[in-house]
Number of protein chains: 2
Amino acid sequence: MERIFSPLGFDDPGAGPLYLQLQRRIADAIAGGRLAPGNSLPAERDMATMTGLSRVTVRKAVQALVAGGQLVQRRGSGTFVAPKIERLEQALSLLTSFTEDMARRGKTVESVWLARQVTTPSPEEVMALGLGAGERVARLERVRRSDGVPLAIERASLSLQTLPDPASVETSLYAVLQDRGLRPVRAVQRISASNLGAKDAELLGVATGAAGLRIERIGYLPSGRVVEFTRSLYRGDAYDFAVELTLAPSLEGSNG
Amino acid sequence: MERIFSPLGFDDPGAGPLYLQLQRRIADAIAGGRLAPGNSLPAERDMATMTGLSRVTVRKAVQALVAGGQLVQRRGSGTFVAPKIERLEQALSLLTSFTEDMARRGKTVESVWLARQVTTPSPEEVMALGLGAGERVARLERVRRSDGVPLAIERASLSLQTLPDPASVETSLYAVLQDRGLRPVRAVQRISASNLGAKDAELLGVATGAAGLRIERIGYLPSGRVVEFTRSLYRGDAYDFAVELTLAPSLEGSNG
DNA sequence: TAGTGGTCTAGACCACCAA
DNA sequence: TGGTGGTCTAGACCACTAC
């Protein structure tokens, strides 16, 4: 610990900005195990006096590591090395529901409802669901947790013909749809990454600006009718999506 | 412009921190089109005097928007609204190479090589490629650009039996492998999101901490032998991966 | 050369948490 | 109540860009 926050070595002119040097020292200490998950760091003011830097500079180094998910800070309490997070792997090629997916691997699932209502659709929802003029929409918004850890924010929209009573969904949306004979058999997903805004980050228990996996899904019935339009935001540090790929058809047989 | 940086309204006690209020004002102006892509913002010092805030506070607001990809800053030049980026969509279910994928949609592809060498493998590479003790590895690292815009960093590792001469790869790795009769026919990918470090961010031309899509791929021959181990980092703001899902086999027929 | 963003400082007050 | 992180300020110097 003394070595990390030693005032020595900060005067090398070619070593870059001071906050980056400190950031690198702390990151190296975590990577090297000298700072283990759960360990506390000295208070910001103490790090400042120990290193001979100003508190603002120390804060800039720490903030970068908080944003990257390597440290966590609790006001009034202190700064700590982030706990090791167990990465969940989910197969992306199968159309399963969150609830079923977690049950399959023996995890508990809790949902915290943010909204479960009938409302006026956004232009995006009108487009995706093919709604008529004046038609309203069922919207389900919830934070998904597994074993107490928030994993994803899920915002599902369905036409009222598909789901007249949103309040009837307690846990699995797909289970409700299945009862109504309206479970999707095919879906198209689009995946991208983006930085989480303050609100979404708080819901997921990570720092503002942390990387999240954004997944947009449109589910279809066998008839081709759209049943669901879902936008999810997964914690980037807690989720791995696995996909199996096969050779592109147009290239088949031309190999070798 | 005057409205955005007006000193009025910053005294409301319930509106949260000043830097968040300013951040919201600027973000709203961009979303509402009052600030269009390419537009320049006043200098930081000017924004500070206009709003009555300190430069540090203005900077904190601006930095957050830079991290989120909504603004770009150029030292000595100014602060600008980020140009609209064209999102590329790539099918995730087919095993295609970057080069072929871009060619199919009529885009030019350039590679900037970071490394193309035979070297000592990392433990991760030994594991993924199933290398023997003392065996060396061919490593290909490059930044992929399309129409001049950097899109991804690709780091591919192959055993020397698969690719004895890394320098023989000029554009498409898969084309070279195909010539040798070693093109993979199956691959497993793992997808997650993470914040880009300073170095990777610079290579992709985005701000440090921006969200990136991390993809790890292991490619196999028909025999089941591993041919390639590739770790890629895509710009989160420039890429959409599309996947089509079908009903999980175990649920087939139980629908309705 | 003038203007811009990038870094850094010393000091202050507030809100929250734990003993 | 004392310590912690969260916010904010005024002022300074540097490195780079554009002219």
Side-chain angles (χ1 to χ4, degrees), chain A residues 5 7 9-24 26 38-67 70-82 198 201-202 205-209, chain B residues 5 7 9-24 26 38-67 70-82 198 201-202 205-209:
Chain A
F5 301 108
F10 279 111
D11 42 11
D12 181 353
L18 299 174
Y19 75 90
L20 277 182
Q21 294 182 44
L22 178 57
Q23 183 181 333
R24 202 178 317 126
I26 299 174
N39 284 178
S40 74
L41 273 67
E44 294 179 349
R45 288 164 182 83
D46 293 342
M47 290 193 255
T49 57
M50 290 162 78
T51 54
L53 305 175
S54 75
R55 186 180 163 208
V56 178
T57 302
V58 168
R59 239 182 112 67
K60 194 163 181 185
V62 170
Q63 287 292 90
L65 294 167
V66 170
Q70 304 175 71
L71 295 178
V72 291
Q73 289 191 298
R74 284 195 290 275
R75 166 152 53 181
S77 175
T79 303
F80 307 85
V81 179
E202 195 187 340
V206 297
T208 300
Chain B
F5 302 107
F10 279 111
D11 43 11
D12 181 354
L18 299 175
Y19 75 90
L20 277 182
Q21 294 182 42
L22 178 57
Q23 183 181 332
R24 201 177 318 125
I26 299 174
N39 284 179
S40 74
L41 272 67
E44 292 179 350
R45 287 163 182 82
D46 293 342
M47 290 193 254
T49 57
M50 289 162 77
T51 54
L53 306 175
S54 74
R55 185 180 163 207
V56 178
T57 303
V58 169
R59 239 182 111 69
K60 194 163 180 185
V62 170
Q63 288 291 92
L65 294 167
V66 169
Q70 303 176 71
L71 296 179
V72 291
Q73 288 191 299
R74 283 194 291 275
R75 169 154 50 182
S77 174
T79 303
F80 307 85
V81 179
E202 195 188 339
V206 298
T208 300

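These numbers were taken from a predicted model, which means no experiment stands behind them. So you know, we letter chains A, B, ... as the sequences are listed, proteins then strands, and number each from 1.
When the side-chain nitrogen and oxygen atoms of B:Tyr19 are compared with OP1 and OP2 of D:dT7, one or more of them lie within a distance under 4.0 Å. Listed pair B:Arg55 / D:dG11 fails the phosphate criterion, with no side-chain N or O lying under 4.0 Å from OP1 or OP2. Within the structure, a side-chain polar atom (N or O) of B:Lys60 is placed less than 4.0 Å from OP1 or OP2 of D:dT7. For B:Thr57 and D:dT7, the shortest distance from a side-chain N or O to OP1 or OP2 is not below 4.0 Å. Look at A:Gln73 and you won't find any side-chain N or O under 4.0 angstrom from OP1 or OP2 of D:dT4.
To the nearest 0.5 Å, the span separating CD on A:Gln73 from CD on A:Gln63 amounts to 5.5 Å.
In this structure, the CZ atom of B:Arg59 is 15 Å from the C1' atom of D:dG11, given to the nearest Å. Rounded to whole Å, the distance from CG on A:Leu18 to P on C:dG6 is 16 Å. Distance, A:Glu44 CD to C:dT9 P: 14 Å, rounded to whole Å. Rounded to an integer number of Å, the gap from A:Gln63 CD to D:dG5 C1' is 9 Å. What separates CD of A:Glu202 from C1' of D:dG6 is a distance of 14 Å, to the nearest Å. Atom CD in B:Gln21 sits roughly 12 Å away from atom C1' in D:dT7 (whole-Å rounding).
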Tell me, with the steps shown, if A:Leu22 and A:Thr57 meet side-chain contact (heavy atoms from CB on, under 4.5 Å). CA-CA 9 Å; A:Leu22 178 57; A:Thr57 302; 6.0 Å; no
Worked verdict on B:Val62 versus B:Met47 for side-chain contact (heavy atoms from CB on, under 4.5 Å): CA-CA 10 Å; B:Val62 170; B:Met47 290 193 254; 4.0 Å; yes
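Using modelled atom types, one side-chain atom of A:Gln21 and one backbone atom of A:Gly16 make a donor-acceptor pair closer than 3.5 Å.
One can find a donor-acceptor pair under 3.5 Å joining the base of D:dG5 and the side-chain atoms of A:Arg45.
Each of B:Met47 and A:Leu53 has a nearest nucleotide on DNA chain C; the 5'-most of these lies closest to B:Met47. Between A:Ser54 and B:Gly78, it is B:Gly78 whose nearest contact on DNA chain C lies nearer the 5' terminus.
Taking both residues in full, the closest heavy atoms of A:Gly38 and A:Phe80 are given as O-CD2, 3.8 Å, listed atom of the first, atom of the second, then distance. Considering all non-hydrogen atoms of both residues, A:Asp46 and A:Thr49 come closest at O-OG1, 2.9 Å. Nearest heavy-atom pair, B:Ala207 versus B:Ala67, reported as atom, atom and distance to 0.1 Å: CB-CA, 4.1 Å.
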Below 3.5 Å between N/O atoms, which protein atoms pair up with nucleotides 16-19 of chain D? Just atom names and distances, please.
none

